[in-house]
Amino acid sequence: MPTDWIMGLLGGGLIGLGGAVFLLMNGRVMGASGLIGGLVDGSGRGNAGERIAFLAGTAGVPFLLALIFGGVDNHLTENVILLVLAGLLVGVGTRIANGCTSGHGVCGISRLSLRGIVATCFYILAGGVTIALLRHGLGVM
């Protein structure tokens with residue numbers, strides 16, 4: 001039985017729940033890039049423990065679930081250089097856009113933020129163009 005859409009729905013719901021809890025508990029919009037950026041540039045020293053705990057949970061829980069239930073086919077390339085390059089480009093892009101998909105897409109759109117809506121539209125457009133180029137243009141994926 002194909003469960004990809006169920007897992008996507010569950011994952012999306014959990015991200016939204018996480019954003020709502022973060023906003024209620026901290027009074028700030030959740031954004032993974034902002035949390036990481038604050039650790040990297042030192043602006044988040046005041047709440048570094050909270051940032052590290054959030055990011056450790058974000059990375060650690062899927063790892064634990066994969067150990068318990070087994071991994072899923074994520075359809076990613078096995079080209080490590082391409083994955084590292086993609087990660088760096090995402091990091092640069094989120095700094096330029098002043099936020100990532102969790103900040104703009106989940107929290108921004110739910111608050112009807114024009115900046116969040118515009119940024120998310122460009123994220124989706126850029127993602128579609130990138131996949132089309134890599135898959136159909138370059139045959140990388």
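Each residue takes its place number in the sequence, starting with 1. Reckoned from all heavy atoms, side chains included, excluding hydrogens, waters and symmetry mates.
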Distance check, rounded to the nearest 0.5 Å: E78 atom CD versus L83 atom CG? 9.5 Å

Just how far is it from atom NE2 of H136 to atom CD1 of I131, taken to the nearest 0.5 Å? 8.5 Å

Any donor-acceptor N/O pair, S33 side chain to C100 backbone, under 3.5 Å: yes

L82 CG to L134 CG distance, which is reported to the nearest 0.5 Å: 6.0 Å

Taking ring-ring contact (aromatic ring centres under 6.0 Å, His included) as the test, write out the residues that go with Y123, two or more places apart. none

How about CG on L24, more than 12 heavy atoms from neighbouring residues, nucleotides or ligands closer than 6.0 Å, or not? yes

Please answer whether the main-chain N or O of G116 pairs with a side-chain N or O of T120 as donor and acceptor at a distance below 3.5 Å. yes

Same cluster or not: are F63 and F69 linked, directly or through other Ile, Leu, Val, Met, Phe, Trp or Tyr residues, by side-chain heavy atoms under 4.5 angstrom apart? no

Side-chain polar contacts of residues 34-48 - donor-acceptor pairs under 3.5 angstrom, sequence neighbours left out - could you list them?
from : atom 1 : to  : atom 2 : distance (Å)
D41  : OD1    : S43 : N      : 2.8
D41  : OD1    : S43 : OG     : 2.8
D41  : OD2    : R95 : NH2    : 3.3
N47  : OD1    : R51 : NE     : 2.8

Exercise: identify the closest heavy-atom pair between M30 and F54: SD-CZ, 3.2 Å

Side-chain contact, heavy-atom cut-off 4.5 Å: E50 with N26? yes

If hydrophobic clusters are built by linking Ile, Leu, Val, Met, Phe, Trp and Tyr wherever their side-chain heavy atoms come under 4.5 Å apart, do V118 and V106 end up in the same one? no

Shared hydrophobic cluster for I15 and F22 (ILVMFWY, side-chain gaps under 4.5 Å): yes

Please round to the nearest 0.5 Å and tell me the distance separating atom CG of L10 and atom CG of L14. 4.5 Å

Once you round to the nearest 0.5 Å, how far does SG of C107 lie from CD1 of I109? 10.5 Å

L114-V29 co-clustered via ILVMFWY side chain contacts under 4.5 Å: no

